[in-house]
Structures are given as C-alpha cells and as structure tokens.
Amino acid sequence: MRFEKEIKLIKRAVDEIVPLEGLIDKLEKSEKTGKPLRIKLGIDPTGYDLHLGHLVPIRKMRDFQDLGHQGVIIIGDFTAQIGDPTGRDETRPPLTHEQIMYNSERYMEQLYTILIPEQTEVRYQTEWFGGMTLHDVLQLLSKFTLAQFMAHDTFRNRYEQGLSLGMHELMYPVLQSYDSVAVESDVELGATEQKFNILCGRDMQRYFGQEQQVAVLSPILTGTDGVNKMGKSLNNYIAVFDTPNDKYGKVMSIPDSLIINYYNYAAFALEDEIKAIEAELKQGVNPMLIKKRLAHRIVSYYHSDAEADEAAEAFDRQFSQREVPEEMPEYALASGEYRLTNILVDSGLCKTQGEAKRLIQGGGVSVDGERIETWDHVLNFEADTIIRAGKRRYLKLVKA
RNA sequence: GGAGAGGUUCCCGAGUGGUCAAAGGGAACAGACUGUAAAUCUGUCGUCAGUCGACUUCGGAGGUUCAAAUCCUCCCCUCUCCA
C-alpha cells in the first residue's frame with residue numbers, strides 16, 4: 001500500500017478513518033501538489049481546564065504536523081453558545097463572550113505544549129458566522145433533514161427518553177459542518193462520538209462543491225475511575241494543569257485493567273511497545289510496576305524527565321513507605337491551645353466542622369504521626385507540627 | 001390552546017400528613033489490607049453544636065394543620081398525546 005508509513009502513524013491511537021481511501025487520495029494529492037493537508041479540529045471554549053481526554057485528538061494533529069501538514073484549530077465561539085449536545089443528556093447553559101475569549105486563550109496556551117505553532121492556524125467561527133443573515137442560516141438548515149438528525153444516537157436517545165432537546169441544539173452539527181467549508185478542511189479530527197458531526201461536514205462540503213474531508217476519529221479516553229469517559233464533571237480526569245505529583249498519582253489510581261488502554265491513548269505508545277507490555281502483564285509482572293512506568297512517561301511528556309523522577313520518588317515516599325511528603329501547605333498559628341477540628345476547618349483541609357469531626361472519628365487524622373481518635377481533641381501548639389488528614393492531605397503548622 | 005405525567009439531598013431514585021435529615025444504588029471520603037491514589041472488606045456521607053439538642057433542605061412563593069417532601073392556591077420548568 002502506498003503511504004504505508006504515514007498511514008501507520010496516522011492510525012496510531014485512532015479508532016476509525018472514514019473513508020480510508022479518501023485519506024490515501026488526499027495524501028497522494030498533497031504529495032503531488034506539495035500543498036500540505038488542512039487538518040481541522042474544532043474546540044468549544046466551554047472551559048479551559050484541559051485533560052488528557054481532550055488531548056487525544058490534539059496529539060493526533062501533532063502527528064499530522066510531523067508529517068508536514070497544516071493544523072487548523074477552530075475556536076467554536078458560536079457553537080460554545082449552544083453547547084455540543086453530543087453525548088449529553090442535558091442542555092448546557094450558554095457562556096458569555098468574555099468567558100469564551102478567556103477560555104480560548106488559556107486553551108491555546110495548553111495546546112501549544114503539543115502543537116507546532118508555525119503549522120497551526122487558529123480561526124474563530126465569528127469570522128464566517130458573525131455576518132450571516134437569517135437567509136443564510138435557513139439555507140444551511142435546508143441541507144439537512146429532521147430524519148437524518150433523529151437517526152443520530154444522541155438526538156434520538158434524548159428524544160426517546162423524554163428529555164428536553166432544544167431546537168438550537170440541532171444547529172450544532174450544522175454549524176460545525178459549515179466550519180469545514182469555511183476553512184476548506186481535508187481532514188477533521190475528533191473523538192468517535194463526533195462521527196456524526198464530522199460526517200455532516202462532508203455533506204456540507206459537497207453541497208458547496210468542495211472536496212470532502214476525511215474523518216479521523218480518536219477513541220474516547222476512559223477516566224481514572226476506569227468506567228466513565230474522562231470528564232470534569234465526574235472528577236475522573238488528569239488535567240494538563242495538574243502538578244507532576246498529581247498526574248503521577250492519578251495515573252497510579254487507574255484500575256490495573258486500564259493499563260494497556262492508557263499506554264495506547266494517554267501515552268501514545270507504539271504497537272510494538274504495547275505488545276511487550278501485554279506480554280509482561282501476562283507473565284505476572286506486578287501491575288504496579290508497569291503503572292509506575294506509565295505514570296513516569298506521562299508526567300515526563302508534559303513536564304520533564306527530572307520532574308517525573310521527583311514525582312515518582314514523592315509517590316514512593318508517601319504511599320509505598322508512608323512517609324510524610326517533603327512539601328506541604330503551611331498554616332501559621334500563634335502558640336496556644338486549639339481545638340483540632342477548628343484547625344482542620346480554618347486551614348481549609350476540611351470544609352465543615354462535621355466533616356472534620358467525622359474524619360477524626362473515622363481514624364483519618366493524625367498529629368505528628370499519632371492518630372487522634374477523639375473529636376474534641378485539643379492541640380497544644382508550640383513549634384512545627386504536622387497534621388495529616390486522610391491519605392493525601394497534609395498540613396504543617398508553623399509559628400505565626 | 002386542550003388533556004395527562006413530573007420536578008426529592010453531588011447523581012440516579014424511593015417516599016403521599018407525624019416513626020423523614022428523608023430507603024436503595026452510584027460517586028466521594030476514611031479505615032483495614034496491599035511495597036499501587038488498583039482490587040477487596042468495613043465505616044462515614046445537610047449545617048451547627050464539647051454531642052442533650054438546635055437549625056436549614058425535598059422547583060418557587062404563599063396557605064391549611066399541633067405537625068407537610070407529603071394537602072390547598074398561584075407561579076416557573078420538563079416531558080407525553082392532541083391541535
């Protein structure tokens with residue numbers, strides 16, 4: 001097959017390419033004309049805290065860039081006002097313009113840790129949607145039928161389950177598909193759940209007499225809980241902004257059954273590597289050790305080798321050897337007597353008195369290594385004291 | 001516009017006048033165990049209260065009652081069928 005090497009790279013951590021033939025044609029054309037392909041990825045600036053799940057398609061864009069192609073990031077400042085209904089069973093609240101601008105800037109900051117800036121074009125939907133009239137909008141809408149949309153899982157499920165579904169949400173795929181026309185995309189990236197939207201883009205391009213884009217669909221990354229899709233609302237995500245220690249720890253917290261999955265989609269390991277790891281697991285190597293390597297690799301990708309080393313050491317100290325971490329937040333107090341629960345709450349370790357009390361009663365709090373079992377414990381504070389609340393929360397009391 | 005169903009604690013979901021701070025599940029947190037922040041088991045899971053008790057919560061606002069998530073009135077929102 002022609003472009004075997006390229007296709008292999010493109011297929012890495014990808015679920016589906018629709019249609020594969022189309023991609024080969026595109027590569028061929030690009031090689032002939034010397035014009036890079038335009039690789040589109042739409043982003044809704046509904047938030048700015050990116051996690052590893054978001055980055056799967058982003059890293060795919062980077063693969064294309066490494067092959068010399070042009071990334072085109074579309075900031076969905078219009079679609080963000082709708083909220084992508086895909087995979088959602090609820091209408092999203094719309095965002096203000098300021099939020100959108102702020103989010104998209106933070107977004108790009110993070111993306112440039114992966115993408116090559118010189119090969120990245122950033123476009124806002126406002127460019128083409130800002131000046132549209134109702135007439136134009138109606139024209140776009142006429143390209144699709146209700147039946148077509150109701151065949152789409154998300155819409156059908158929402159409808160059949162009797163959940164609310166706003167008219168504006170039906171607009172989402174329409175807008176996204178016109179983006180492809182506006183930027184003349186050759187390839188559109190996205191998670192598999194984007195298949196419908198991206199394929200709509202192909203239709204739209206055809207209506208506008210353009211060559212049709214190819215969909216390159218990335219798998220959806222499972223969250224650290226091992227069950228649900230990685231997402232903010234479930235608190236099962238590893239964020240780009242997480243500290244090296246947190247990233248490391250969060251990787252360690254994934255169920256062992258997720259190791260291969262993460263090597264594939266979070267660490268972007270190559271095929272041979274995956275095979276080697278599978279073999280190791282089969283031979284009975286402690287999954288913990290393999291997870292440690294995985295965690296190290298992920299941390300060093302986003303930070304550095306040195307930081308990954310440190311995170312690994314900190315993890316061993318804190319969890320394997322149960323030692324106190326080197327760094328922890330400090331809380332200043334004057335000498336005197338304090339009720340322990342008050343310290344826990346005032347310092348922010350616990351949210352409420354009740355929570356602090358329960359934590360103590362559950363045996364989760366210790367002062368200088370000694371477990372405290374009485375909720376009304378009074379602490380006589382003089383010099384440095386270390387309070388531990390639960391597995392991960394530490395506090396050093398220092399003199400005010 | 002007409003007829004019906006429904007809005008419960010972080011989520012799902014029971015609960016139709018007192019025994020309800022509200023079953024059950026999930027999530028989360030903690031403990032035990034494990035050289036994993038895995039798995040498993042156990043506990044906790046509205047706020048305040050040195051723990052008797054007080055206060056706030058069941059879409060919103062009023063009302064009935066000694067007593068309401070549960071009854072009444074109006075309003076808001078969602079869904080279904082009909083137009």
Side-chain angles (χ1 to χ4, degrees), chain A residues 88-93 155-167 169 222-239 242-263 266 280-281 284-299 311-323 325 337-346 348-366 370-379 387-394:
Chain A
R88 280 254 160 179
D89 51 11
E90 235 169 62
T91 304
R92 292 195 202 208
F155 293 134
R156 196 184 54 237
N157 290 344
R158 288 257 294 266
Y159 183 72
E160 283 176 355
Q161 285 169 27
L163 299 167
S164 83
L165 177 59
M167 288 289 288
E169 293 182 80
T222 307
T224 52
D225 56 13
V227 180
N228 298 106
K229 161 186 172 186
M230 185 175 282
K232 266 210 107 170
S233 54
L234 289 168
N235 198 27
N236 62 355
Y237 65 100
I238 301 176
D242 275 339
T243 62
N245 283 3
D246 273 345
K247 282 197 188 77
Y248 193 96
K250 284 181 180 182
V251 174
M252 291 306 288
S253 81
I254 64 169
D256 295 346
S257 57
L258 216 57
I259 291 177
I260 294 296
N261 187 287
Y262 267 49
Y263 260 104
E280 275 187 284
L281 282 172
V285 175
N286 188 341
M288 176 196 67
L289 297 173
I290 298 178
K291 264 201 286 195
K292 280 185 173 177
R293 293 205 315 253
L294 174 65
H296 188 280
R297 176 173 175 147
I298 289 174
V299 173
E313 278 169 38
F315 185 86
D316 280 348
R317 266 200 307 276
Q318 190 168 348
F319 299 106
S320 301
Q321 289 159 33
R322 303 188 180 199
E323 281 175 21
E337 296 197 331
Y338 297 89
R339 178 180 275 265
L340 185 53
T341 52
N342 287 337
I343 295 178
L344 290 172
V345 174
D346 292 345
L349 280 194
C350 292
K351 281 197 208 70
T352 63
Q353 287 282 335
E355 186 188 324
K357 199 190 262 176
R358 275 181 243 122
L359 192 63
I360 295 173
Q361 286 179 321
V365 178
S366 63
E370 246 175 87
R371 183 182 287 180
I372 303 298
E373 314 246 11
T374 48
W375 70 87
D376 53 354
H377 182 82
V378 173
L379 192 72
I387 294 185
R388 178 183 175 204
K391 283 184 210 161
R392 274 176 284 161
R393 283 170 284 173
Y394 284 89

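Just so it is clear: chains get the letters A, B, ... in the order the sequence lines come, proteins before strands, and each one is counted from 1.
- Here the separation of B:rG13 from B:rG25, taken at their C1' atoms, is 8 Å to the nearest Å.
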Could you walk me through whether A:E280 and A:R293 satisfy the salt bridge (Lys or Arg N to Asp or Glu O under 4.0 Å) test, starting with their C-alpha distance in whole Å, then the side-chain angles of each, then the deciding distance to 0.1 Å, before giving a yes or no?
CA-CA 13 Å; A:E280 275 187 284; A:R293 293 205 315 253; 2.7 Å; yes
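- Set against B:rU36, B:rG35, B:rC48, the side chain of A:F319 has B:rU36 as its closest nucleotide.
- Using C1' as the reference atom, B:rG31 and B:rC45 are 15 Å apart when rounded to the nearest Å.
- Between B:rA83 and B:rA14, the two P atoms lie 31 Å apart (nearest whole Å).
- A:D316 comes within contact range of no nucleotide atom at all, as no heavy-atom separation falls under 4.0 Å.
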Could you list, one pair per line, each protein nitrogen or oxygen that sits under 3.5 Å from a nitrogen or oxygen of nucleotides 53-59 of chain B, together with the distance?
none

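- The partner of B:rC20 is absent, by the rule that a Watson-Crick or G-U pair needs both atom distances under 3.5 Å.
- In this structure, A:I254 reaches the sugar-phosphate backbone alone: every heavy-atom distance under 4.0 Å involves primed, P, OP1 or OP2 atoms, never a base.
- Side-chain contact check for A:L340 versus A:I387: some heavy-atom pair is nearer than 4.5 Å.
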A correct 5'-to-3' footprint of nucleotides 26-31 of chain B, with B, S and - meaning base, sugar-phosphate only and no protein heavy atom under 4.0 Å, is ---SSS
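- Between A:I238 and A:Y262, the closest side-chain pair of non-hydrogen atoms falls below 4.5 Å.
- Between A:K291 atom NZ and B:rU34 atom P the separation is 17 Å, expressed in whole Å.
- Closest approach of A:F319 to A:R392, counting heavy atoms only: CZ-CG, 3.7 Å.
- We find that A:E355 and A:R393 are joined by a salt bridge, their nearest charged nitrogen and carboxylate oxygen being less than 4.0 Å apart.
- Remark: B:rA69 base-pairs with no nucleotide; criterion is Watson-Crick or G-U wobble with both hydrogen-bond distances under 3.5 Å.
- Taking 3.5 Å as the limit, the base of B:rU36 and the side chain of A:D256 contain a donor-acceptor pair of atoms between them.
- Looking at heavy-atom distances under 4.0 Å, A:N245 makes contact with a base.
- Taking OG1 from A:T222 and CG from A:L258, the interatomic distance works out to 5.0 Å, rounded to the nearest 0.5 Å.
- The C1' atoms of B:rA21 and B:rG62 are separated by 24 Å, rounded to the nearest whole Å.
- A:Q318 and A:N245 share no donor-acceptor pair across their side chains, judged by distance under 3.5 Å alone.
- Rounded to whole angstrom, the span from the CD1 atom of A:I238 across to the P atom of B:rA38 amounts to 13 Å.
- Nearest to the side-chain atoms of A:Q321 among the listed nucleotides B:rU51, B:rG35, B:rC48 stands B:rG35.
- Across all strands shown, B:rG26 is found opposite B:rC10 as a Watson-Crick or G-U wobble partner, with both distances under 3.5 Å.
- Within the shown strands, B:rG60 is the pairing partner of B:rC74 under the Watson-Crick or G-U definition, both distances less than 3.5 Å.
- When distances run from any side-chain atom of A:T352 to the nucleotides B:rA49, B:rU80, B:rU47, the shortest one goes to B:rU47.
- If you take atom P in B:rG63 and the same atom in B:rA68, they sit 13 Å apart, rounded to whole Å.
- Base pairing of B:rG35: no nucleotide in any strand meets the Watson-Crick or G-U wobble criterion (both distances under 3.5 Å).
- Comparing the P positions of B:rC20 and B:rC11 gives an interatomic distance of 23 Å, to the nearest angstrom.
- For B:rG46, the paired base is B:rC55 (Watson-Crick or G-U wobble, both distances below 3.5 Å).
- In A:E370, the CD atom is not crowded: 12 or fewer heavy atoms of neighbouring residues, nucleotides or ligands sit closer than 6.0 Å.
- Distance check on atom P: B:rU8 versus B:rU36 gives 42 Å, rounded to whole Å.
- Looking at heavy atoms from C-beta onward, A:Q353 lies out of side-chain contact with A:W375 at the 4.5 angstrom threshold.
- A:F315 comes within 4.0 angstrom of a base, heavy atoms only.
- One distance of note links OH of A:Y263 with CG of A:L294; it measures 5.0 Å at 0.5 Å rounding.
- A:K292 comes within contact range of no nucleotide atom at all, as no heavy-atom separation falls under 4.0 Å.
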